[in-house]
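Only heavy atoms go into these numbers, but all of them, side chains included; no hydrogens, no water, no symmetry mates.
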Amino acid sequence: MTSAPADEFERHRPRLFGLAYRMLGSAEEAEDTVQDAYLRFGRADRTEIEHPAAWLAKVVTNLCLNRLTSARARREQYVGTWLPEPVATSDGTLGPLESAEQRDAVSMAMLLLLERLTPAERAVYVLREAFGYGHREIAGVLDLTEANSRQLYRRAARRVSEPRPRFDPGPERREQLVAAFVAAAREGDLAGLEKLLAADATWWSDGGGKVSTARRPIEGREKVVRFTVGAFERFATGLEFTVAEVNGAAALAAWSGDTLVAVAAFEVHDELIAQVRAVLNPDKLDFVRRQLTRP
């Protein structure tokens, strides 16, 4: 590819990665998809590409639709809980996250809700909600009618609709809660942990069969407290912990030397930790490891 098309593509790369990641829930697959788009852009007849941004969005979306079909089959065989690959977001990798709505849009909770959708519904919803596409533009990307795009969007919006927390604490407060959680867990302070957790708190672990962990969610404050204290007693010795922003939320990164062994994203509702989603599958930690700073 000559320098001019390459430079043109690089201007669009961050946006294309954000699109592919929201579609696939996998940073590694999103990178591969964007690279495929890059190669297609290089081979394309430039005289036939009137609007590169629209052309590339269409290519990436359709590549993602193809990948989603095989991804669903793989996830049906996945060992234990499947969680999206974590992505650090403080560096703008997934765009600006200046509001609660923007953070929600890239949260693990939302990416899991998107798993409920058909590939077409997911594409319409992501293009509409995350990138502000009109239904005429979406119809052009997906080769649909505008009416069909509207119908798919309404269906998708209903399926991902869930009550949101009444109060969203700021980033500093969320980081304080995570730091307090780690301190209490290290000390085996059951009472301290109970004060930080919502009554219906849930802990999800994704080891993918590569790492020994709970294969089903741990539900309820008391069970989460016991699980957390037990996990820290058995596995936390020698680990270093850092707090980071991952998928728009405060998260805990656990390091063994230079190796990132886990990333846990914390969902906070009304000043209490409501959900913890911990990714331990090493196959899912390479991208975020490259983003984060070791302690």
Side-chain touch Ser256/Glu240, heavy atoms, less than 4.5 angstrom: no
Approximate separation, where rounding is to 0.5 Å, of Asp104 CG and Met110 CE: 6.5 Å
Worked check of side chain to side chain contact (heavy atoms under 4.5 Å, CB included) between Leu112 and Trp204: CA-CA 12 Å; Leu112 287 167; Trp204 307 79; over 6 Å; no
Pair Asp36-Phe41, side chain to side chain contact (heavy atoms under 4.5 Å, CB included): steps then yes or no: CA-CA 9 Å; Asp36 287 347; Phe41 191 61; over 6 Å; no
Non-hydrogen atoms of Ala20 and Val60 that approach each other most closely: CB-CG1, 4.0 Å
Common cluster, Val224/Leu272, ILVMFWY with side-chain heavy-atom separation under 4.5 Å: no
Inter-residue atom distance Leu144.CG - Ile138.CD1, 0.5 Å rounding: 9.0 Å
Other residues, nucleotides, ligands: >12 heavy atoms within 6.0 Å of Arg75 CZ: yes
Expected output: side-chain Lys210 to main-chain Asp283 donor-acceptor under 3.5 Å: no
ILVMFWY cluster, Val79 and Val279 together (side-chain gap under 4.5 Å): no
Note, Thr213 side chain near Phe235 side chain (heavy atom, < 4.5 Å): no
Exercise: identify the closest heavy-atom pair between Val263 and Ala251: CG1-CB, 4.4 Å
Test item: Arg116 side-chain N/O and Arg159 main-chain N/O as donor-acceptor pair under 3.5 Å: yes
side-chain hydrogen bond (donor to acceptor under 3.5 Å, both in side chains) between Gln291 and Thr93, intermediate numbers included: CA-CA 9 Å; Gln291 291 181 290; Thr93 295; 3.1 Å; yes
Evaluation steps, salt bridge (charged side-chain N to carboxylate O under 4.0 Å, His left out), between Asp143 and Lys58: CA-CA 10 Å; Asp143 295 324; Lys58 182 168 186 173; 3.1 Å; yes
Side chain to side chain contact (heavy atoms under 4.5 Å, CB included) between Leu94 and Val87, intermediate numbers included: CA-CA 8 Å; Leu94 295 179; Val87 171; 4.1 Å; yes
Polar side-chain atom of Gln77 near backbone of Arg74 as donor-acceptor pair, under 3.5 Å: no
Note: Arg277-Asp206 ion pair, threshold 4.0 Å (strictly below): no
Side chains of Leu152 and Ser149 in contact at under 4.5 Å (non-hydrogen atoms): no
Side-chain (Glu121) to main-chain (Thr118) donor-acceptor, under 3.5 angstrom: yes
Euclidean distance, Leu292 CG relative to Glu245 CD, rounded to 0.5 Å: 11.0 Å
For Val229 against Gly188, the heavy-atom pair lying closest together: CG1-CA, 4.1 Å
Where Ala249 and Phe266 come nearest, the two heavy atoms and their spacing: CB-O, 3.6 Å
Check: Glu31 and Phe287 side chains under 4.5 Å, non-hydrogen atoms: yes
Student check: side-chain heavy atoms of Gln35 and Tyr38 closer than 4.5 Å: yes
Under 3.5 Å donor-acceptor, Thr89 side chain and Gly248 backbone: yes
His12 versus Glu10, side-chain donor and acceptor atoms under 3.5 Å: no
Interatomic distance, Leu127 atom CG to Leu142 atom CG [nearest 0.5 angstrom]: 6.0 Å
Glu194 and Arg221 ion-paired at < 4.0 Å: no
Flag for Trp203-Ser205: side-chain donor and acceptor within less than 3.5 Å: yes
Considering all heavy atoms, the nearest Ala88-Val288 contact: N-CG2, 3.8 Å
Donor-acceptor under 3.5 Å (Lys284 side chain, Leu83 main chain): yes
4.5 Å side-chain heavy-atom contact, Ile218 and Thr202: no
Other residues, nucleotides, ligands: >12 heavy atoms within 6.0 Å of Arg290 CZ: yes
salt_bridge(Arg22, Glu29) N-O dist < 4.0 Å: no
Hphob cluster co-occupancy, Tyr133 + Val160, side-chain heavy atoms under 4.5 angstrom: yes
Heavy-atom closest contact (Gly192 atom, Ala184 atom, distance): C-CB, 4.3 Å
Shared hydrophobic cluster, Val243 / Leu197 (ILVMFWY, side-chain heavy atoms < 4.5 Å): yes
Donor-acceptor contact present, side-chain Tyr21 to main-chain Glu85, <3.5 Å: yes
Heavy-atom side-chain contact between Asp286 and Glu28 under 4.5 Å: no
Verify same cluster id: Val124, Leu113 (apolar side-chain graph, 4.5 Å): yes
Asn247 (side chain) donor-acceptor with Val106 (main chain) under 3.5 angstrom: yes
CG-CG distance between Asp32 and Leu63, expressed to the nearest 0.5 angstrom: 11.0 Å
Residue pair Arg67 / Thr33, side-chain donor-acceptor N/O under 3.5 Å: yes
Inter-residue atom distance His135.NE2 - Glu146.CD, 0.5 Å rounding: 8.5 Å
Side chain to side chain contact (heavy atoms under 4.5 Å, CB included) between Phe241 and Leu239, worked out: CA-CA 7 Å; Phe241 294 94; Leu239 294 183; 4.1 Å; yes
Side chain proximity check, Arg13 to Leu16, heavy atoms < 4.5 angstrom: no
Working for side-chain hydrogen bond (donor to acceptor under 3.5 Å, both in side chains), residues Asn148 and Tyr153: CA-CA 9 Å; Asn148 196 5; Tyr153 174 75; over 6 Å; no
